[in-house]
Amino acid sequence: MNIGIFGGAFNPVHNGHLNLAKNYFIDLNLDKIIFIPTSVPPHKTSDNLADAQDRINMLSLAVSDNRDYEISTIEFERTGKSYTYDTLRQLRSIYPDDKFFLIIGADQFMTFHHWYKYESILQMVTICTSAREDENEKKRMLDYAKSIPAFDGKYYICDKPVLKLSSSMVRSKVKNNEDISSLVPYKVCDYISEKGLYRV
């Protein structure tokens, strides 16, 4: 099987995440995508990070209607920071014969050589990302990938338009009592409202 691995804080999951997943699923001929909410992000502060169960619940609401998507709580079953290398090693033991495609953001792609055991990660996956801005950004990304010997062609840059949307934008709008119904799935919008998330 071709398996997409989509990790992130998903704080909260939004339509940009889902648009990316849809594009990669088609372009890479994936059999399924595993969404992996991060327990303790190694490169981000945890300010305004919703509780684990709330983030899992929102993700579940967002993908529940798609049988090609599933959620793994594998990173909540470990202690300490959630390093991608450790997660992939666990997933490889579950799916020993399948091909992994790791979905990451453009900013993460451009600093990938700083990731924990990045060379070992590249032995397990093909890195997938999207150029958010224009052809110049894509050229910079291609030049960067060629400058890192470990990539060795194991990357894919999606050409489809990316929704310029972020979780921090959603949180900011919630805090300011602005409408987010066009930014997140309606079930997630209702959940955030009912639980009073991101108000403070």
*Asks:* State the OG-CG distance between Ser168 and Asn48, to the nearest 0.5 angstrom.
*Replies:*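 So the gap between those two atoms works out to 10.0 Å.
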*Asks:* So, Asn57 versus Tyr191: side-chain donor-acceptor pair below 3.5 Å or not?
*Replies:* yes
*Asks:* For the residue pair Asn23 and Lys160, what are the closest heavy atoms and their distance?
*Replies:*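 Heavy-atom minimum between the residues: OD1-CD, 3.2 Å.
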*Asks:* What are the two closest heavy atoms between Ile34 and Ser72, and how far apart are they?
*Replies:*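 Looking at all heavy atoms of both residues, the shortest contact is CG2-CB, 3.7 Å.
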*Asks:* Counting only N and O atoms by type, is there a donor-acceptor contact under 3.5 Å from the side chain of Ser166 to the main-chain atoms of Met169?
*Replies:*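 The answer is yes, because a donor-acceptor pair under 3.5 Å joins these two groups.
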*Asks:* Side chains of Val188 and Pro185: does their closest heavy-atom pair fall under 4.5 Å?
*Replies:* yes
*Asks:* Is the count of non-hydrogen atoms from other residues, nucleotides or ligands lying under 6.0 Å from Lys99 atom NZ greater than 12?
*Replies:* no
*Asks:* For Tyr24 and Ser130: C-alpha separation, side-chain torsions, deciding distance, then whether side-chain hydrogen bond (donor to acceptor under 3.5 Å, both in side chains) applies.
*Replies:* CA-CA 10 Å; Tyr24 287 124; Ser130 296; 2.8 Å; yes
*Asks:* Rounded at 0.5 Å granularity, tell me how far CD1 in Ile104 sits from CG in Leu20.
*Replies:* 11.5 Å
*Asks:* At their closest point, which heavy atom of Ala131 faces which heavy atom of Val162, and how far apart are they?
*Replies:* O-CG2, 4.1 Å
*Asks:* Please tell me if the side chains of Ile180 and Val174 come closer than 4.5 Å, counting only heavy atoms from C-beta onward.
*Replies:*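 Contact flag for Ile180/Val174 side chains = yes.
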*Asks:* For the residue pair Phe100 and Arg92, establish whether any side-chain heavy-atom pair is separated by less than 4.5 Å.
*Replies:* yes
*Asks:* Any Lys/Arg nitrogen of Lys139 or Asp143 sitting under 4.0 Å from an Asp/Glu carboxylate oxygen of the other?
*Replies:* yes
*Asks:* Below 4.5 Å, heavy atoms only, C-beta onward: do Tyr198 and Val170 meet side chain to side chain?
*Replies:* no
*Asks:* Taking C-beta and beyond as the side chain, do Tyr85 and Trp115 meet within less than 4.5 Å on heavy atoms?
*Replies:* no
*Asks:* Looking at CD of Glu75 and OG1 of Thr38, how far apart are the two atoms once the value is rounded to the nearest 0.5 Å?
*Replies:* 5.0 Å
*Asks:* Are Ile127 and Met124 linked, directly or through other ILVMFWY residues, by side chains that come within less than 4.5 angstrom of each other?
*Replies:*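 Yes; Met124 is reachable from Ile127 via cluster members.
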*Asks:* Would you find a donor on one side and an acceptor on the other, under 3.5 Å apart, between the side chain of Asn176 and the backbone of Ser172?
*Replies:*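 The answer is yes, because a donor-acceptor pair under 3.5 Å joins these two groups.
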*Asks:* To check you understand the geometry: which heavy-atom pair defines the closest contact between Met58 and Val13, and what is its length?
*Replies:* O-CG1, 3.8 Å
*Asks:* For residues Val63 and Leu18, determine if any side-chain heavy atom of one lies less than 4.5 Å from a side-chain heavy atom of the other.
*Replies:* yes
*Asks:* Side-chain heavy atoms under 4.5 angstrom apart, residues restricted to Ile, Leu, Val, Met, Phe, Trp, Tyr: same cluster for Tyr155 and Phe6?
*Replies:* no
*Asks:* Distance-only, no hydrogens or angles: does the Arg199 side chain make a donor-acceptor pair with backbone N or O of Lys175 under 3.5 Å?
*Replies:*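 Looks like no, no N/O pair under 3.5 Å.
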*Asks:* Are the side chains of Asp31 and Asp68 in contact, using a 4.5 Å heavy-atom criterion?
*Replies:*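 The answer is no, as the side chains (C-beta and beyond) never meet within the 4.5 Å cut-off.
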*Asks:* Taking all non-hydrogen atoms of both residues, which atom of Cys128 and which atom of Leu28 are closest, and how far apart?
*Replies:* SG-CD1, 3.4 Å
*Asks:* Run Ile103 and Thr129 through side chain to side chain contact (heavy atoms under 4.5 Å, CB included) and show every step you take.
*Replies:* CA-CA 6 Å; Ile103 299 168; Thr129 191; over 6 Å; no
*Asks:* Taking ring-ring contact (aromatic ring centres under 6.0 Å, His included) as the criterion, tell me which of Tyr156, Tyr118, Tyr144 meets it with Phe109.
*Replies:*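 The single option meeting the ring-ring contact (aromatic ring centres under 6.0 Å, His included) with Phe109 is Tyr144.
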*Asks:* Just by distance, no angles: are the side chains of Arg78 and Thr87 close enough, under 3.5 Å, to form a donor-acceptor pair?
*Replies:*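 Distance-only check passes for Arg78 and Thr87.
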*Asks:* Do Arg55 side-chain atoms and Pro12 backbone N/O form a donor-acceptor pair below 3.5 Å?
*Replies:* no
*Asks:* Answer yes if the side chains of Gln90 and Asp86 hold a donor-acceptor pair under 3.5 Å, and no otherwise.
*Replies:*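 No.
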*Asks:* With rounding to the nearest 0.5 angstrom, report the NZ to CG distance, Lys154 to Leu102.
*Replies:* 11.0 Å
*Asks:* Can you tell me how far CD1 of Ile36 sits from OG of Ser39, rounded to the nearest 0.5 angstrom?
*Replies:* 12.5 Å
*Asks:* Identify whether Tyr116 and Ile148 are in the same connected component of the hydrophobic contact network (ILVMFWY, side-chain heavy atoms under 4.5 Å).
*Replies:* yes
*Asks:* Please step through side chain to side chain contact (heavy atoms under 4.5 Å, CB included) for the pair Ile3 and Tyr95, ending with a clear verdict.
*Replies:* CA-CA 9 Å; Ile3 301 176; Tyr95 304 98; 3.6 Å; yes
*Asks:* Between Asn15 (side chain only) and Leu183 (backbone N and O only), is there a donor and an acceptor less than 3.5 Å apart?
*Replies:*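 It does hold such a pair.
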*Asks:* For Arg89, is the CZ atom crowded, meaning more than 12 foreign heavy atoms sit under 6.0 Å from it?
*Replies:*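 No, not enclosed.
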*Asks:* Please report the shortest heavy-atom distance between Arg140 and Met110, naming the atom on each side.
*Replies:* O-CE, 3.8 Å
*Asks:* Asp51 side chain to Gln53 main-chain N or O, any donor-acceptor pair under 3.5 Å?
*Replies:* no
*Asks:* Could you state whether Ile157 and Phe112 fall into the same hydrophobic cluster, counting links through intermediate Ile, Leu, Val, Met, Phe, Trp or Tyr residues with side-chain heavy atoms under 4.5 angstrom apart?
*Replies:*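 Yes, one cluster joins them.
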*Asks:* Atom CD1 of Ile5 and atom NZ of Lys32: how far apart are they, to the nearest 0.5 Å?
*Replies:* 10.0 Å
*Asks:* Going hydrophobic residue to hydrophobic residue with side-chain gaps under 4.5 angstrom, can you get from Ile94 over to Tyr83?
*Replies:*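 Yes; tracing contacts between hydrophobic side chains, which count when under 4.5 Å, links both residues.
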*Asks:* Are Tyr69 and Phe35 near enough that their ring centres are under 6.0 Å apart?
*Replies:* yes
*Asks:* Evaluate the ring planes of Phe10 and His17, with Trp represented by its six-membered ring, and classify them as parallel (under 30°), tilted (30 to 60°) or perpendicular (over 60°).
*Replies:*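 Rings of Phe10 and His17: perpendicular, as their planes differ by over 60°.
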